[in-house]
Amino acid sequence: MKTIYMDNNATTQVAPEVLEAMLPYFSDLYGNPSSAHTFGGQVAHRIRDAREQVAHLLGASPEEIIFTSCGTESDSTAIRSALDTGDGKAHIVMSRVEHAAVKVLCGHLSKRGYRVTEIPVDKEGRLDMDRYRESLTPDTAIVSLMWANNETGVIFPVEQAAQMAKKRGILFHTDAVQSAGKIPIDLKNSAIDMLSISGHKLHAPKGIGVLYLRKGTRYAPFLIGGHQERGRRGGTENVASIIGLGKACELATAKMVEENTKVKKLRDRLEKEILARVPNSRVNGGGSERLPNTSNISFESVEGEAILLLMDEFGICASSGSACTSGSLQPSHVLRAMGVPFTMAHGSIRFSLSRYNAEQEIDEVVDKIPPIIEQLRSFSPFWKPEGQVCASGT
Ligand SMILES: Cc1ncc(COP(=O)(O)O)c(C=O)c1O
């Protein structure tokens, strides 16, 4: 059975060009880039090229790029660095819909004396800018707002938010893990101080990330040790993955407009056909500016996990918006923050496409989904055959 992969916000296929660029660093070119000899030096030289490729995608300077192990490390480093260098300022501002990499860290920090403000979103997933403005105080050390949401694809006005923070002398970090390579990013004339990306979301391997650190931004490293990354992140470089990420960024820079136009067309058709064929379904965040590849669709009165299982029988890969927490299915914090009704939030599926998806795969998915939903609704205690939904929860 062929796999139809529509879970690219979870992880992406390594591009063949990326793999090819990486392979020599597992065999012939195994030198340590810190070594004094020419053999290691040539590897250092290639890391320099990769740093330029990453910087180019972000509109940054190569010196502003720090290679890390993943998006989570970049997020953690940015927030902890701002607190460590913030002259005792103890307030963090984030949104209610951040990824666990930021949300769980801030929860952890709040138990250690830091004050955390979570900015709410509206029913379309848009940030409440008035609440954001009001949240910025003289004690605020850092704002961390995601550029685009991993579950809904909703894009936040991060540049505007960064300008507001800058005016008050507050550091601004954005988690751009889902936006890098999908929408243009230009940090040249930006107020953003720090930005995180992750290789495996843009067709590079897992286990490589980047923290962009604007020149002149106060900084304390998270991993202290060797002098790698100019003393800003200790640890021998993950050379092959750095080379792969450089290549992935080069490909994204060259093909972003063309590919994302194609991906958006596929995504829009997927949504249109599903909504037309399945009653009581809706797109979460559909009224907002969104990533071109992401679609979060709710099917009333069915369980997302059950939809995933039945889709899996046809080789279709996607994600559900509910997660099993202590034995019960809980809708995601993102959908809850958006106030998506309980019976809708439970049956939400995230489809996330990439350049490798084809028209024919959309045809297959839109053919398979309606009977799956119909079958599940026939068992659902909340679904009435004539299409009326029984009241249930909030
Ligand atoms: C928005 C966002 N931030 C951070 C991460 C974490 O990235 P990594 O898996 O590289 O640690 C993810 C991964 O899903 C993400 O979607």
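What you see is a predicted model; the values in this text were computed from it and never measured. One-based numbering, in listed order, for ligands and for the atoms of each.
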Looking at N150, which atoms of ligand 1 are within less than 4.0 Å of one of its heavy atoms?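 Ligand 1 atoms under the 4.0 Å threshold to N150: 1 (C), 16 (O).
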Can you establish whether the number of heavy atoms outside [X] located under 6.0 Å from its atom [atom1] is more than 12?
X	atom1	result
Y356	OH	yes
E17	CD	yes
K206	NZ	yes
E20	CD	no

Please determine if Q178 has a nitrogen or oxygen closer than 3.5 Å to a nitrogen or oxygen of ligand 1.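 Looking only at distances, the answer is yes, because the N/O contact criterion of under 3.5 Å is met.
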N/O of G71 under 3.5 Å from N/O of ligand 1, yes or no?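 There is such a contact, yes.
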Using a 4.5 Å cut-off on heavy atoms from C-beta on, say whether the side chain of F351 contacts that of N357.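 No, side chains not in contact.
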Can you see whether T152 engages N284 through a side-chain donor-acceptor pair at a distance of less than 3.5 angstrom?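 T152 vs N284: no donor-acceptor pair found between side chains.
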Where is the nearest protein heavy atom to [atom]: which residue, which atom, and how far?
atom	value
atom 10 (O) of ligand 1	S198 OG, 2.6 Å
atom 3 (N) of ligand 1	D175 OD2, 2.6 Å
atom 11 (O) of ligand 1	T72 OG1, 2.6 Å
atom 12 (C) of ligand 1	H99 NE2, 3.3 Å

Shared hydrophobic cluster, L245 / M22 (ILVMFWY, side-chain heavy atoms < 4.5 Å):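 No, separate clusters.
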One residue to check: H200. Relative to ligand 1, which of side chain, backbone, both or neither has a non-hydrogen atom less than 4.0 Å away?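 Side chain only.
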Given that the side chain starts at C-beta and the backbone is N, CA, C, O, which of these parts of K201 lies under 4.0 Å from ligand 1, counting heavy atoms, or is it both or neither?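 The part of K201 near ligand 1 is the side chain, not the backbone.
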